[in-house]
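So the structure is just underneath, and the comments pick up after that.
Note that the structure is predicted; figures quoted are calculated from it, not measured.
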Amino acid sequence: MRATTNPELVAAWATVPDVAKAQERHEAARKLRRDFPRGKSPAEALAAVQAEAAARFTDTGKWPTTFAKDAAKAHADALLWEAEAEALWSLERSTEAAAEHLRDSLSVDVLAHLDRRLTEILDAAKSAGEALGDVTTAEQAIDAGADVLDAWRRLTALLKDYRNVREAQWEILRAVSGEDKRARMRLWREAGHGEIKEVRMADVPARIVDAMASGAYDVEFLVWVAQSGAAYVPESYDDLEFRVSTSTEPIAYDDHGPIDISPRVLPPLKPRPARTYTHSQTPHMDHSQPTPERPTANASASDREPTTTDYFA
């Protein structure tokens with residue numbers, strides 16, 4: 001099973017009952033396998049009996065009369081040990097695979113928990129951030145007094161929780177994605193995507209984008225994210241892809257490179273006046289009334305292009 005020391009990820013897995021149960025079963029199977037006493041394989045056990053008999057023959061010149069019985073017993077005991085040892089190894093691997101499958105298939109539930117956890121962290125950060133005012137460094141917080149310093153300490157602790165949530169988010173998304181998708185996510189993360197939504201990246205301050213791209217979060221960054229109200233945890237890879245597409249300008253290419261396809265306002269086209277020909281007639285909708293007069297012509301039909309029939313008729 002993928003080992004982790006991230007407390008937010010461990011807590012997120014524990015909130016899904018099936019995942020927690022599968023994890024518990026895997027841990028129990030691993031303990032059984034580790035506590036199982038070390039033994040010998042049938043070949044090793046038989047070789048040990050043979051070596052002992054040979055050594056005795058070398059010393060006394062006599063072959064043990066119980067060799068066959070001793071060899072059979074050692075071989076049989078070793079078979080029993082080997083069967084249980086292999087069964088415990090298999091049990092550990094199967095419970096590990098089952099837990100991995102559940103964690104991947106129920107990743108939506110785990111990501112949803114992380115999103116709720118993120119909301120809790122940012123609500124607390126927003127409250128603490130209001131007490132900071134214009135303070136942006138620890139030195140300023142110390143000079144500002146006890147209340148501001150306490151708020152700074154709370155934000156510093158929340159910063160670690162925020163970092164753990166983000167690492168857990170990316171670990172889960174990587175685990176349930178193929179190599180091509182993981183490669184795209186690496187590029188998106190390096191561009192600062194995956195942490196805020198419904199905001200054009202071009203409108204986000206450069207220092208905030210740099211922090212999201214590098215993961216070098218600080219208190220000032222945490223307060224900005226909390227106050228923006230745009231932070232989120234993607235529900236899935238597809239959700240992440242959609243958020244990336246809506247936060248960046250579309251890019252199209254031709255043979256010469258990128259082209260601008262942003263919307264443009266064009267002048268309205270003046271409608272062409274209707275063409276009325278000499279053979280045109282006014283529709284006669286009511287035959288109980290006199291036939292209407294022909295409309296006044298404002299265009300003439302050009303002669304058609306000659307065809308072969310005109311020349312050889």
### Query
Please walk me through it: do R243 and D239 pass salt bridge (charged side-chain N to carboxylate O under 4.0 Å, His left out)?
CA-CA 6 Å; R243 299 299 181 183; D239 181 45; 3.4 Å; yes

### Query
If you round to the nearest 0.5 Å, how far is CG of L159 from CG of L155?
8.5 Å

### Message
Run the side-chain contact (heavy atoms from CB on, under 4.5 Å) test on R182 and W170 for me, step by step, so that the C-alpha distance in whole Å, both residues' side-chain angles and the decisive distance to 0.1 Å come before the verdict.
### Response
CA-CA 10 Å; R182 287 198 294 270; W170 290 114; over 6 Å; no

### Task
Please report the shortest heavy-atom distance between T95 and A29, naming the atom on each side.
OG1-CB, 3.7 Å

## Note on the structure
dist Q169:CD -> L240:CG (nearest 0.5 Å) comes out at 7.5 Å

### Message
With heavy-atom distances below 4.5 Å as the criterion, would you say the side chains of T282 and T291 are in contact?
### Response
no

### Query
How far apart are the C-alpha atoms of E171 and R174, what are their side-chain angles, what is the distance that settles it, and do they pass the salt bridge (charged side-chain N to carboxylate O under 4.0 Å, His left out) test?
CA-CA 5 Å; E171 182 171 340; R174 285 193 299 266; 5.2 Å; no

### Summary
dist M185:CE -> D180:CG (nearest 0.5 Å) comes out at 11.0 Å

### Side chain H287, main chain Q289, donor-acceptor under 3.5 Å
no

### Message
Just verifying a value: how many Å separate E198 CD and S247 OG, rounded to the nearest 0.5 Å?
### Response
10.5 Å

### Message
Quick check: is Y232 connected to V204 through a chain of hydrophobic side chains (ILVMFWY, heavy atoms under 4.5 Å apart)?
### Response
yes

### Message
Under 4.5 Å between side-chain heavy atoms, counting indirect links through other Ile/Leu/Val/Met/Phe/Trp/Tyr residues: same cluster for Y162 and V209 or not?
### Response
yes

### Query
For G194 and R166, which heavy atoms make the closest approach, and how far apart are they?
O-NH1, 3.5 Å

### Task
Just jot down the side-chain hydrogen bond (donor to acceptor under 3.5 Å, both in side chains) partners of Y217, sequence neighbours excluded, or say none.
E195

### Message
Applying side-chain contact (heavy atoms from CB on, under 4.5 Å) to W13 and L9, what does each step give before you reach the verdict?
### Response
CA-CA 6 Å; W13 285 329; L9 186 54; 3.5 Å; yes

### Query
Do L173 and P234 have side-chain heavy atoms sitting under 4.5 Å apart?
yes

### Message
Could you check, using the six-membered ring where one of them is a Trp, whether W89 and F36 have ring centers closer than 6.0 angstrom?
### Response
no

### Task
Show your reasoning for whether salt bridge (charged side-chain N to carboxylate O under 4.0 Å, His left out) applies to E220 and R207.
CA-CA 10 Å; E220 188 178 3; R207 60 184 177 80; 3.6 Å; yes

### Message
Quick check against the 3.5 Å criterion: does R294 have a side-chain atom that pairs as donor or acceptor with the backbone of S280?
### Response
yes

### Message
Donor-acceptor check, side chain of T276 to backbone of N298, threshold 3.5 angstrom: yes or no?
### Response
no

### Task
Determine, step by step, whether V219 and W152 satisfy the side-chain contact (heavy atoms from CB on, under 4.5 Å) criterion, reporting the C-alpha distance in whole Å, the side-chain angles of both residues, the deciding distance to 0.1 Å, and the verdict.
CA-CA 8 Å; V219 169; W152 184 272; 3.8 Å; yes

### Message
Closer than 4.0 angstrom, basic N to acidic O: yes or no for E179 and R186?
### Response
yes

#### Entry: From CA spacing to verdict: side-chain contact (heavy atoms from CB on, under 4.5 Å), V16, L102
CA-CA 10 Å; V16 183; L102 281 174; over 6 Å; no

### Summary
For R275 and A299, the nearest pair of non-hydrogen atoms, with its separation, is CB-CB, 4.2 Å

#### Entry: Closest non-hydrogen atom pair between L111 and S236, with its separation
CD1-N, 4.2 Å

### Message
Tell me the closest heavy-atom pair linking A74 and A45, and the distance in Å.
### Response
O-CB, 3.6 Å

### Query
Within the distance-only criterion (no hydrogens, no angle test), does the side chain of S127 pair as donor or acceptor with the backbone N or O of A124 below 3.5 angstrom?
no

### Query
Which word best sums up how the rings of Y277 and H279 line up, parallel for under 30°, tilted for 30 to 60°, or perpendicular for over 60°?
parallel

### Message
For a salt bridge (charged side-chain N to carboxylate O under 4.0 Å, His left out) check, start with the C-alpha distance between E167 and R189, then their side-chain angles and the critical distance, and finish with the verdict.
### Response
CA-CA 11 Å; E167 289 300 327; R189 189 179 185 184; 3.0 Å; yes

### Query
From D109 CG over to L114 CG, what is the distance, rounded to the nearest 0.5 angstrom?
11.0 Å

#### Entry: In one Ile/Leu/Val/Met/Phe/Trp/Tyr side-chain cluster, 4.5 Å: L46, L79
no

### Task
Could you tell me whether a side-chain N or O of T119 sits under 3.5 Å from a main-chain N or O of D115, the two making a donor and an acceptor?
yes

### Query
Taking C-beta and beyond as the side chain, do R184 and V244 meet within less than 4.5 Å on heavy atoms?
no

### Query
Does a side-chain heavy-atom distance below 4.5 Å link E92 with L88?
no

### Query
Do any pairs count as a salt bridge (Lys or Arg N to Asp or Glu O under 4.0 Å) and have a residue in residues 81-90, sequence neighbours left out, and if so which ones?
none

### Query
If you round to the nearest 0.5 Å, how far is CG of L158 from CD1 of I121?
7.0 Å

### Task
Taking all heavy atoms of F221 and all of A211, pick out the closest pair and write down the distance.
CD1-CB, 3.6 Å

### Query
Do T66 side-chain atoms and K69 backbone N/O form a donor-acceptor pair below 3.5 Å?
no

#### Entry: Lys/Arg N to Asp/Glu carboxylate O, E120 vs R117, below 4.0 Å
yes

